[in-house]
J.: 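If you scroll down you'll find the structure; I have some questions about it.
It should be emphasised that the depicted structure is a prediction, and the values quoted were computed from it without experimental measurement. Note on naming: letters A, B, ... go to the chains in the order of the sequence lines (proteins, then strands), and numbering restarts at 1 for each one.
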There are 2 protein chains.
Amino acid sequence: MSQQWFIGESHHKVDTKGRVSIPAAFRKVLASGDPDFSEGANPQVVVVYGDARRNYLECMTIKAMNKIQRKMLKMPPASPQRRALQKMYSTQALVTSVDETGRLVLPAKLRNKIGISNEAVFAGIGENFQIWSTETYEIENGLVTGDDDFDPDLDPSHYLFGDDEDEE
Amino acid sequence: MSQQWFIGESHHKVDTKGRVSIPAAFRKVLASGDPDFSEGANPQVVVVYGDARRNYLECMTIKAMNKIQRKMLKMPPASPQRRALQKMYSTQALVTSVDETGRLVLPAKLRNKIGISNEAVFAGIGENFQIWSTETYEIENGLVTGDDDFDPDLDPSHYLFGDDEDEE
DNA sequence: TTGATTACCATGAATTCCCATGGCATCCCT
DNA sequence: AGGGATGCCATGGGAATTCATGGTAATCAA
């Protein structure tokens, strides 16, 4: 069962062809989230580059993608919500697979979108992970925007308080 | 099982004869959704150009078309709903096949319908995909119509929140 | 015959595949 | 504890293949 969540942060080189190594730990999660994965083969990944306001790529397993697709199919076909989701998760997304050497190829379009020159940051978010250009990542993650219910100066673990579910 | 969904977005040239390359990824989905497909042959596609309000072509696999036909057969024969569907999906549709070089030929009638000059956009929507003229696509997809429950400025992923199905 | 449609061939660019290397950590042997 | 030996990991380069696209010849329909 190895690892279930994408956890960790790491930096990787992006070469002229757009190839980037995926952190080894993430590859295992991808493999376990790919229904068609067989030992020795290469797991598939989904890369979502949709939303214009985002300056990172959202990556997930096939299982996670299928779950999203099922959710979308349950929404009213012509609703703006469903349309927005479909545009983002179906149209502006890419299904590809990890290569023999554990790398992912990011097409030029996607690299431009997030402004990657030659180095990328992989950030695990649990059920999915993000790819950032190193420069953007440093800037964007320095400043945390707060709203009325959020205090940037507070230790985040405070928000875990209360309503514990059963163990494990 | 290769790929199950039409996912991705890409631009392709349309020549004077109406020939357009179908994105390679889409061709694989078409092949797997064609019951009569045999290795090395050319998969079939269904192109629906019916509805006057649409300024794009809706394309799907044979399997998807069969599903729609079955649904229609279950509806009351003389109902306006069934008639409308039949007109769109049976009358104003075209079954054709991908050629040797991976292209599709769009007859002049269909090109005029969606106003294609010399470039088309292919947009994957999961179970099917759309063909747009580049110009229309840019315009139509820039403006997002909002209603009371829809905020165009919100990241679409918000609409995925809640009501989780059981874990698999 | 004439315009349109289909089949066949050609090519550059992009992408995928395959092989190679250096570094770091782990294991194992004595 | 030293010192290989082993193996995985990140990265690089070149070859081989696929893709998108163009052109020309053959076939068809009216």
J.: Roughly how far, to the nearest 0.5 Å, is the CD atom of B:Gln86 from the CG atom of B:Leu73?
T.: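 That separation rounds to 7.5 Å.
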
J.: Go through the steps to decide whether B:Ile7 and A:Met65 satisfy the test side chain to side chain contact (heavy atoms under 4.5 Å, CB included), and finish with yes or no.
T.: CA-CA 11 Å; B:Ile7 286 175; A:Met65 179 54 146; 3.5 Å; yes

J.: Along nucleotides 15-30 of chain D, 5' to 3', which nucleotides get a B, which get an S, and which get a -, given that the test is a protein heavy-atom distance under 4.0 Å?
T.: ----SSBBBB------

J.: Testing the 3.5 Å rule here: is there a donor-acceptor pair between the side chains of B:Ser90 and B:Gln69?
T.: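 Yes, side-chain donor-acceptor contact under 3.5 Å.
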
J.: Between A:Asn118 (CG) and D:dA10 (P), how many Å, whole number?
T.: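 Atom-to-atom, A:Asn118 to D:dA10, this comes out as 17 Å.
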
J.: May I ask you to check whether B:Asn128 and B:Glu58 show a side-chain donor-acceptor distance below 3.5 Å?
T.: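 Yes.
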
J.: Fit a plane to each ring of A:Phe6 and A:Phe26, take the angle between them on a 0 to 90° scale, and name the class: parallel (under 30°), tilted (30 to 60°) or perpendicular (over 60°).
T.: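 Taking A:Phe26 first and then A:Phe6, their aromatic rings stand perpendicular (interplane angle over 60°).
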
J.: Take the protein atom CG of A:Leu104 and the nucleotide atom C1' of C:dT16, then report the distance between them rounded to whole Å.
T.: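 After rounding, the reported distance stands at 13 Å.
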
J.: Indicate whether any N or O donor in one side chain lies under 3.5 Å from an N or O acceptor in the other, for A:Glu119 and A:Tyr137.
T.: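 Short answer, no.
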
J.: 5'-most contact on DNA chain C: A:Glu100 or B:Pro107, nearest heavy atom basis?
T.: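 Between the two, 5'-proximity favours B:Pro107.
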
J.: Rounded to whole Å, how long is the line connecting atom CG of A:Leu110 with atom C1' of C:dT15?
T.: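 Taking atom C1' of C:dT15 as the reference, CG of A:Leu110 is at 14 Å.
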
